[in-house]
Amino acid sequence: MNEQVSEPDLLFAWEPARMRRSAILGFIFASAAGHALCFYLFQIVYPPTIALLPPPARVNIISENTDEGRTLLRWIAAEDPALNTTTQRSAEAKAYALPKLSHVPSYLTIQPTLKPLPPSDTELRAPSSQPPGPVPMERAQVPPPAGISQTAVIFSKDFDSLGAAQKPWMTFSASTRELPQSARFRVGVNENGIVRYCFLQTSSGDTALDQQAHAYLMQCRFAGSKDASSQLKWANAIFEWGNDVTVPPAAETLP
C-alpha cells in the first residue's frame with residue numbers, strides 16, 4: 001500500500017479580512033458623528049462671544065452755567081501759581097504816573113570848542129612839475145663778499161681717548177660743479193694712533209672727492225692709547241665740505 005505523505009502547508013491564507021474593513025468604516029462614521037456633535041455644541045448651543053467696543057471719548061467743558069462749574073472756576077483762579085507769585089495792586093491805589101520831563105540838548109549846557117579858520121592867503125596856482133632841488137638817487141646795495149669756509153672733518157667721541165688728531169694739509173678738487181653732500185667713513189685706529197682701516201659708508205656724490213677724503217683720513221695720526229694691549233678702535237668720520245673745494249670751470253657754449 002502506498003501511503004500518501006502529507007506535505008506541510010507553507011502558504012499563507014490570503015482570504016480578504018472582512019472584519020477589518022467593517023472596523024475601519026465604523027471608525028470613520030464615529031469620527032464624523034463626533035465632529036457634528038462638537039459643531040452643534042460650540043456653534044449652536046453656546047452663544048458666540050460678542051466683542052465690546054470701547055466707550056467713545058467725551059470732553060467735559062467747565063462753564064459758569066452751573067453752581068459746580070462756578071465753584072470750580074473760582075478755586076482754579078484762587079490757586080493759580082502765576083497770580084500768587086505776582087504783586088497785585090489794590091483797587092484803591094492809583095496808577096503810577098511818570099513825571100513830565102522836557103528834553104534838554106547837550107549843546108545848551110556845554111559850549112563846543114570851535115576850530116580856528118584857515119588862512120585866507122592860499123596859493124591858487126598849480127604846483128610846478130619840476131620843483132627846484134636835487135633829485136634823490138637810490139643806490140643799489142652791494143652784498144658783502146662771502147667768506148671762505150674750510151672743509152671740516154669731524155670724528156666721533158670714540159676717539160677722545162686717543163687725543164687730538166694731527167690732520168695733514170690737503171686741497172680737494174671736485175670733478176663736477178654740483179654741490180657735494182656730506183661724506184661718512186668708518187675709521188679703525190690701532191694703539192699707536194695710526195689709521196689702519198678706512199671704509200666709505202655714505203658717499204658725497206663725487207667719486208673723486210671720496211677718494212681724496214679716503215687718502216686724507218689715511219694720513220691722519222693720533223697720540224695713541226695708553227693701554228698697550230688695546231685693540232683697534234673704531235669711530236665715524238664725517239666730511240663737511242666748504243667752499244674751498246676746487247670745481248672745474250664751466251663749459252663754454254658756442255653761439
Side-chain angles (χ1 to χ4, degrees), residues 113 115-116 118-119 121-255:
T113 304
K115 294 183 179 180
D121 51 348
T122 57
E123 184 66 30
L124 300 179
R125 294 179 300 176
S128 176
S129 61
Q130 297 179 355
V135 179
M137 301 293 294
E138 296 182 359
R139 297 181 180 180
Q141 296 182 0
V142 180
I148 299 176
S149 60
Q150 301 291 334
T151 300
V153 183
I154 303 173
F155 292 96
S156 59
K157 296 182 179 180
D158 298 335
F159 283 172
D160 292 346
S161 61
L162 299 178
Q166 300 177 3
K167 303 176 183 178
W169 183 85
M170 186 174 181
T171 58
F172 299 94
S173 300
S175 60
T176 60
R177 296 183 61 85
E178 297 181 359
L179 184 64
Q181 304 294 330
S182 299
R184 184 174 181 178
F185 292 85
R186 185 68 174 174
V187 181
V189 180
N190 61 4
E191 65 276 2
N192 298 324
I194 301 174
V195 179
R196 303 295 298 174
Y197 301 99
C198 181
F199 301 101
L200 177 63
Q201 289 185 334
T202 304
S203 175
S204 63
D206 192 342
T207 307
L209 286 178
D210 295 340
Q211 295 176 358
Q212 296 172 23
H214 183 274
Y216 180 88
L217 292 175
M218 294 299 296
Q219 298 177 15
C220 292
R221 295 294 181 268
F222 293 87
S225 178
K226 297 180 180 179
D227 188 4
S229 61
S230 61
Q231 302 296 328
L232 288 175
K233 286 195 173 183
W234 295 90
N236 297 327
I238 301 175
F239 272 82
E240 297 292 344
W241 306 103
N243 55 6
D244 59 341
V245 178
T246 306
V247 296
E252 297 181 357
T253 58
L254 297 176

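Ring planes of Y197 and W234: parallel class, angle under 30° (limits at 30 and 60°).
Judged as a ring-ring contact (aromatic ring centres under 6.0 Å, His included), and not counting sequence neighbours, the contacts of F185 are F239. Contacts of F199 classified as ring-ring contact (aromatic ring centres under 6.0 Å, His included), with partners at least two apart in sequence or in another chain: none. Among residues two or more places apart in sequence or in another chain, the side-chain hydrogen bond (donor to acceptor under 3.5 Å, both in side chains) test is passed with T207 by none.
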Pair R196-V189, side-chain contact (heavy atoms from CB on, under 4.5 Å): steps then yes or no: CA-CA 6 Å; R196 303 295 298 174; V189 180; over 6 Å; no
Worked check of side chain to side chain donor-acceptor pair (under 3.5 Å) between S156 and N236: CA-CA 5 Å; S156 59; N236 297 327; 5.2 Å; no
Steps toward side-chain contact (heavy atoms from CB on, under 4.5 Å) verdict (V153, L217): CA-CA 9 Å; V153 183; L217 292 175; 4.0 Å; yes
I154 vs E240, side-chain contact (heavy atoms from CB on, under 4.5 Å): CA-CA, chis, key distance, verdict: CA-CA 8 Å; I154 303 173; E240 297 292 344; 4.1 Å; yes
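In plain terms, the two heavy atoms of K167 and Y216 that are nearest each other are CB-OH, 3.0 Å. In plain terms, the two heavy atoms of A237 and V187 that are nearest each other are CB-CG2, 4.0 Å. Minimum interatomic distance between G242 and V245 (heavy atoms only, all atoms of both residues): O-CG2, 3.6 Å. Across all their heavy atoms, S173 and L209 have their closest contact at O-CD2, 3.7 Å.
The environment of CD in Q181 is sparse: at most 12 heavy-atom neighbours from other residues, nucleotides or ligands sit within 6.0 Å.
Atom CD of Q212 is separated from atom CG of D206 by 8.0 Å, given to the nearest 0.5 angstrom. Atoms NE2 and SG, from H214 and C198 in turn, are 4.0 Å apart once rounded to the nearest 0.5 Å.
With a 4.5 Å cut-off on side-chain heavy atoms, S204 and S182 do not count as touching. Put simply, the side chain of T246 does not reach to within 4.5 Å of the side chain of T171, judged on heavy atoms.
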